[in-house]
Protein chains: 2
Amino acid sequence: MTRPRGRPPQGQGMARDDILTAALALLDEGEGQGLTMRALATRLGVTPMSLYHHVGDHAALLQALSERVYAQVLEGIDDLADAKARIRALLTRYHQAVSRHPQLTMAIFDTPEAYAGITCQITQRLTSLLAQITPEPTLWCDILVDHAHGSSLALASARGDPAQLRALQHRQQQALDVLLSQFPKG
Amino acid sequence: MTRPRGRPPQGQGMARDDILTAALALLDEGEGQGLTMRALATRLGVTPMSLYHHVGDHAALLQALSERVYAQVLEGIDDLADAKARIRALLTRYHQAVSRHPQLTMAIFDTPEAYAGITCQITQRLTSLLAQITPEPTLWCDILVDHAHGSSLALASARGDPAQLRALQHRQQQALDVLLSQFPKG
DNA sequence: ACCTGAACACCGTTCAAGT
DNA sequence: ACCTGAACACCGTTCAAGT
């Protein structure tokens, strides 16, 4: 089930992208701590140490995963007309990203290295957008981001129950609408 | 450092309460996963298996911890005058409990058994209080509880930096005020 | 460069044995 | 009843060795 010992022939080595895909699948399927270096290695038909050449250690793996998942959140935001539309799009995408991979939020939050990278960009962008529509941009950034994270925890603990999961997603969309309706030109 | 083998003399056995106190201390001090059965046993001068007689397994330990920490949240709520004051007190206490032990939130959320017990009581009570002041009680319960959990994650990742921690706590108090000001008779 | 096997220092938990 | 030591099946990670 594992590979021969030496350097693999040209183009036969593992692709970093395939590792991340498998890791994400493992995270989504698994109860609690499904994503371990050893389980990931087994799934890829490889020795655990082999992973360290491609993704670094466990923290680096989670950081790479979070970058992949949250990359789309900020993309194309500037094409939208006004600040409020941009804010709504950014938060909607953030919620979507988070609700597609509920376990990722948990995993990221007990891996400070992984946490720092992503959310910094998102919160900075969000804060500067909020500054255009409210005198309290950092306060509202906290409220909105904390809400996203909290609701992602709720999704994580509703794993395995698709009906409850959809109900939660619907309520969270409503919650986002309510929060955003605080601002003028709603 | 460990104890003699047989049953300890009368009154010399470990007290369940002391175990929980030590566990909470370990959780608060530690980076990430500081609270392990083995570390807890070492701190108490005892073999890991000894703990299983008093607190059960790791999930049961976390459940006991959450019950101890969140027990005060609902206490004496009924002494307050109106629904809005009760809601504010309940949420303030919940935030306080959560911010005193930031790592506990994380630990609880990847231990479904521990999660179920506590928050059910709190959300039920909160929902019924909210029903008295808004036509959308479950929606607002989600918003407020998710916010509490999300901000607790923020606190957990600000561990070790007391200045940042106090700043966060202050902003979270403001955030709670803003959210509650949505309702009439503010 | 990229993979392996062996090893180290951890986990939670079970089980049988001691008093 | 309450504690122990030994053991099992896991972790992440390092290191030296192979090609």
Side-chain angles (χ1 to χ4, degrees), chain A residues 1-20 22-23 26-27 29-65 103 106-108 110-114, chain B residues 1-20 22-23 26-27 29-65 103 106-108 110-114:
Chain A
M1 197 56 186
T2 68
R3 299 190 173 202
R5 195 152 229 236
R7 177 181 196 172
Q10 183 70 12
Q12 299 292 328
M14 287 186 293
R16 181 184 158 90
D17 233 50
D18 295 340
I19 299 181
L20 295 184
L26 219 40
L27 197 59
E29 300 165 9
E31 315 276 318
Q33 288 301 50
L35 174 56
T36 68
M37 299 299 272
R38 291 179 117 104
L40 179 57
T42 301
R43 165 160 305 200
L44 292 166
V46 129
T47 280
M49 301 89 239
S50 179
L51 300 172
Y52 286 73
H53 296 284
H54 294 89
V55 293
D57 63 13
H58 193 241
L61 170 62
L62 284 173
Q63 189 169 355
L65 284 182
Q103 296 285 4
M106 289 291 317
I108 284 175
D110 47 30
T111 307
E113 305 92 307
Chain B
M1 196 58 186
T2 68
R3 302 191 172 200
R5 194 150 230 236
R7 177 180 195 173
Q10 183 69 11
Q12 298 292 329
M14 287 186 293
R16 182 187 158 88
D17 232 50
D18 295 340
I19 299 182
L20 295 184
L26 219 41
L27 196 60
E29 301 164 9
E31 316 275 317
Q33 287 302 49
L35 175 55
T36 69
M37 299 299 273
R38 291 178 116 105
L40 179 56
T42 301
R43 164 160 304 203
L44 292 168
V46 128
T47 282
M49 300 90 238
S50 179
L51 300 173
Y52 287 73
H53 295 286
H54 296 88
V55 294
D57 63 13
H58 193 242
L61 171 61
L62 283 173
Q63 189 169 356
L65 283 182
Q103 296 285 4
M106 289 289 319
I108 285 174
D110 47 30
T111 306
E113 304 92 309

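In what follows, chains are A, B, ... by sequence order, proteins preceding strands, each numbered from 1. The figures here come from the full heavy-atom set of this structure, side chains too, leaving out hydrogens, waters and symmetry mates.
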Could you tell me whether the phosphate oxygens of [N], OP1 or OP2, come under 4.0 Å of any side-chain nitrogen or oxygen in [X]?
X	N	value
B/His54	D/dA1	no
A/Thr47	C/dC3	no
A/Tyr52	D/dT13	yes

Length of the [atom1]-[atom2] vector between [X] and [N], whole Å:
X	N	atom1	atom2	result
A/His58	C/dC10	NE2	C1'	15 Å
A/Met49	D/dC11	CE	P	11 Å
A/Met37	D/dG12	CE	P	7 Å
A/Leu35	D/dG12	CG	C1'	12 Å
A/Arg38	C/dC11	CZ	C1'	12 Å
B/Leu62	C/dT13	CG	P	10 Å
B/Leu44	D/dC2	CG	P	16 Å
B/Leu51	D/dT4	CG	C1'	13 Å

Exercise. In Watson-Crick or G-U wobble terms, both distances under 3.5 Å, what is the partner of C/dC2?
Worked result: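 In the structure as shown, C/dC2 has D/dG18 as its Watson-Crick or wobble partner.
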Exercise. Which base, if any, makes a Watson-Crick or G-U wobble pair with D/dG12, both distances under 3.5 Å?
Worked result: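 D/dG12 is paired with C/dC8.
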Exercise. With a 4.0 Å cut-off on heavy atoms, is B/His53 in touch with a base, just the backbone sugar-phosphate, or nothing at all?
Worked result: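 Since a base atom lies under 4.0 Å of B/His53, the category is base.
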Exercise. Counting any heavy atom closer than 4.0 Å, what does B/Thr36 reach on the DNA or RNA strands: base, sugar-phosphate only, or nothing?
Worked result: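 Touches sugar-phosphate only.
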Exercise. More than 12 non-hydrogen atoms from neighbouring residues, nucleotides or ligands closer than 6.0 Å to CD on A/Gln33, yes or no?
Worked result: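 No, not enclosed.
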Exercise. Just wondering, are more than 12 heavy atoms of other shown residues or ligands nearer than 6.0 Å to CD in A/Glu29?
Worked result: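 It does: A/Glu29 CD has more than 12 such atoms within range.
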Exercise. So which nucleotide from D/dT4, D/dT13, D/dC2 ends up closest to the side chain of B/Pro8?
Worked result: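 Nucleotide nearest to B/Pro8's side chain: D/dC2.
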For this session: Consider the side chain of A/Val46, meaning its heavy atoms from C-beta on, and name the nucleotide among D/dC3, C/dT4, D/dT13 that approaches it most closely.
Result: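 Nucleotide nearest to A/Val46's side chain: C/dT4.
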How close do [X] and [Y] get, heavy atom to heavy atom, and via which atoms?
X	Y	answer
A/Arg43	A/Ala22	CD-CB, 4.2 Å
B/Ala41	B/Thr47	CB-C, 3.7 Å
A/Leu26	A/Ala39	CD2-C, 3.8 Å

